[in-house]
Amino acid sequence: MKKIVLAFILLAAMMFSGILAFADEVTGSQKAEPRFTDITGHWAEGSISKLIDKALYTDKEGKFYPDKAITRAEFVLMLHKALNLNINYFKAPDITEYFDDVKNEDSYASALCDLITANIVDDKEHFYPAKSLTREEMVNYIMNAYRYKMGENYRMIKVLVKPFADDQEINVTYNGVVARAESMGIIKRPANNRFFPKNDATRAQAATVIDRLLLQLEKEASMVK
């Protein structure tokens, strides 16, 4: 009798463990492997893990290189994917109508067309895809994306903030968007009070401001409801 009871308990335990394993598979609660091998402990780890497509931004060793400068083409792909843009055209767009240094067969051309159509990328004639994106350019695209996503709910407001110590170095075209981005928390004011507008934006910084943009859009959407 004891042997029968013991066998029954053992069988029940095996069935229960199988159910748990199946539940883990269905819910995805099994521990996922790190997406990148070089971001653990990095200040932008959370944003990078949440947003970045490993297929686009990793090498054979699984590295993301968070502190490497991001190119303008790379940022286009990153921002386009995060915004989940899906624009329907009457005819296939021709990127050469906008820029003389981008071809339709380039991997980022389709995403760039969408960002142009949405007035997120507002450059003219030359795009310089392989060139590093500057911090002020990055903020400009981010705030253009905010305006596009907000649509009729976008409000023109006057932002009164303390100027950065290097405020005079910011392109006058970008002064307003930089101020608004800081007021919204999309960029943070460092202890040295410098924005470094002409510095190259890093891949980590790009992931972080995009993440903050999405969080701000979520916040604004909840307020409208």
Side-chain angles (χ1 to χ4, degrees), residues 35-36 39 44 46-60 62-151 154 171 173-174 177-178 181 184 186-187 200-218 220-221:
R35 296 191 65 190
F36 296 103
I39 64 170
S47 295
I48 295 168
S49 299
K50 188 193 307 184
L51 290 175
I52 307 307
D53 186 343
K54 186 174 180 180
L56 293 175
Y57 291 92
T58 188
D59 63 6
K60 292 180 180 179
K63 292 182 178 179
F64 175 66
Y65 301 102
D67 300 315
K68 179 182 176 182
I70 189 167
T71 68
R72 295 167 58 81
E74 288 172 336
F75 187 76
V76 159
L77 289 171
M78 191 183 292
L79 182 58
H80 183 268
K81 184 175 180 62
L83 294 175
N84 194 27
L85 285 183
N86 185 20
I87 297 177
N88 295 316
Y89 299 93
F90 290 112
K91 66 173 185 175
D94 183 359
I95 194 66
T96 62
E97 293 179 0
Y98 300 98
F99 299 118
D100 59 10
D101 54 358
V102 181
K103 299 176 182 177
N104 287 308
E105 57 267 27
D106 290 335
S107 60
Y108 56 90
S110 177
L112 183 55
C113 277
D114 285 351
L115 294 181
I116 293 168
T117 303
N119 290 318
I120 294 171
V121 169
D122 50 7
D123 303 270
K124 307 294 182 184
E125 296 184 14
H126 313 296
F127 182 65
Y128 306 106
K131 188 178 177 181
S132 297
L133 184 74
T134 67
R135 288 167 53 81
E136 62 182 4
E137 290 169 338
M138 176 178 70
V139 172
N140 178 54
Y141 292 152
I142 286 291
M143 297 310 293
N144 284 347
Y146 171 74
R147 179 185 298 211
Y148 170 75
K149 282 292 190 177
M150 289 299 294
Y154 179 83
N171 187 314
T173 307
Y174 305 140
V177 293
V178 170
M184 291 165 55
I186 290 177
I187 59 172
D200 295 340
T202 67
R203 292 152 76 94
Q205 290 167 353
T208 300
V209 295
I210 292 174
D211 187 23
R212 290 173 182 164
L213 168 66
L214 297 182
L215 291 173
Q216 180 66 27
L217 289 171
E218 288 178 14
E220 301 259 7

message: Donor-acceptor check, side chain of Asp114 to backbone of Ala111, threshold 3.5 angstrom: yes or no?
response: no

message: How close do Leu77 and Ser107 get, counting heavy atoms only, and between which atoms?
response: CD2-O, 4.0 Å

statement: What one should report as the nearest heavy-atom pair of Asp101 and Tyr128 is OD2-N, 2.7 Å

message: Donor-acceptor pair, distance only, cut-off 3.5 Å: does the side chain of Glu136 make one with the backbone of Asn171?
response: yes

- prompt: Are the side chains of Val209 and Val139 in touch, meaning some heavy atoms are under 4.5 Å apart?
  reply: no

query: Quick one: does NZ or CZ of Arg203 land under 6.0 Å from the six-membered ring centre of Tyr65, within 45 degrees of the ring axis?
result: no

field: Rounded distance (nearest 0.5 Å) linking atom CG of Leu51 with atom CE of Met78
entry: 8.0 Å

- request: Would you mind reporting whether Asp123 and Arg72 have side-chain heavy atoms less than 4.5 Å apart?
  value: yes

message: Rounded at 0.5 Å granularity, tell me how far CD1 in Ile142 sits from CD in Gln216.
response: 12.0 Å

query: Roughly how far, to the nearest 0.5 Å, is CD of Gln205 from CG of Asp200?
result: 9.5 Å

message: Run the side chain to side chain contact (heavy atoms under 4.5 Å, CB included) test on Met143 and Met184 for me, step by step, so that the C-alpha distance in whole Å, both residues' side-chain angles and the decisive distance to 0.1 Å come before the verdict.
response: CA-CA 10 Å; Met143 297 310 293; Met184 291 165 55; 3.6 Å; yes

- prompt: At their closest point, which heavy atom of Ala73 faces which heavy atom of Tyr108, and how far apart are they?
  reply: CB-CD2, 3.7 Å

task: Identify, with sequence neighbours excluded, every residue that meets side chain to side chain donor-acceptor pair (under 3.5 Å) alongside Asn144.
output: Asp122

message: So which atom in Tyr98 and which in Asp94 form the shortest heavy-atom distance, rounded to 0.1 Å?
response: CD1-O, 3.7 Å

- prompt: Considering all heavy atoms of both residues, which atom of Phe64 and which atom of Ala204 are nearest to each other, and what is their separation?
  reply: CE2-N, 4.3 Å

message: Given Val76, which partner from the list Leu115, Ile120, Val102 fulfils the side-chain contact (heavy atoms from CB on, under 4.5 Å) test?
response: Leu115

message: If you compare all heavy atoms of Ala207 against all heavy atoms of Ser47, which two are closest, and at what distance to 0.1 Å?
response: O-CB, 3.8 Å

task: Drop me the distance from Tyr141's OH to Ile210's CD1, to the nearest 0.5 angstrom.
output: 12.5 Å

message: Testing Asp106, Asp100, Ile116 one by one against Ile95 for a side-chain contact (heavy atoms from CB on, under 4.5 Å), which residue passes?
response: Ile116

message: So Phe36 and Pro66, do their side chains get closer than 4.5 Å, heavy atoms only?
response: no

Derivation of the side chain to side chain contact (heavy atoms under 4.5 Å, CB included) call for Tyr148 and Leu85: CA-CA 11 Å; Tyr148 170 75; Leu85 285 183; 3.4 Å; yes

query: Quick one: do the Tyr174 and Arg135 side chains pair a donor with an acceptor below 3.5 Å?
result: no

statement: Rounded to the nearest 0.5 Å, the OH atom of Tyr146 sits from the CD1 atom of Ile186 at a distance of 7.5 Å

- prompt: Could you walk me through whether Leu83 and Leu213 pass the side chain to side chain contact (heavy atoms under 4.5 Å, CB included) check?
  reply: CA-CA 10 Å; Leu83 294 175; Leu213 168 66; 4.1 Å; yes

- prompt: Could you state the interatomic distance from CD (Glu137) to OG (Ser132), rounded to the nearest 0.5 Å?
  reply: 10.0 Å

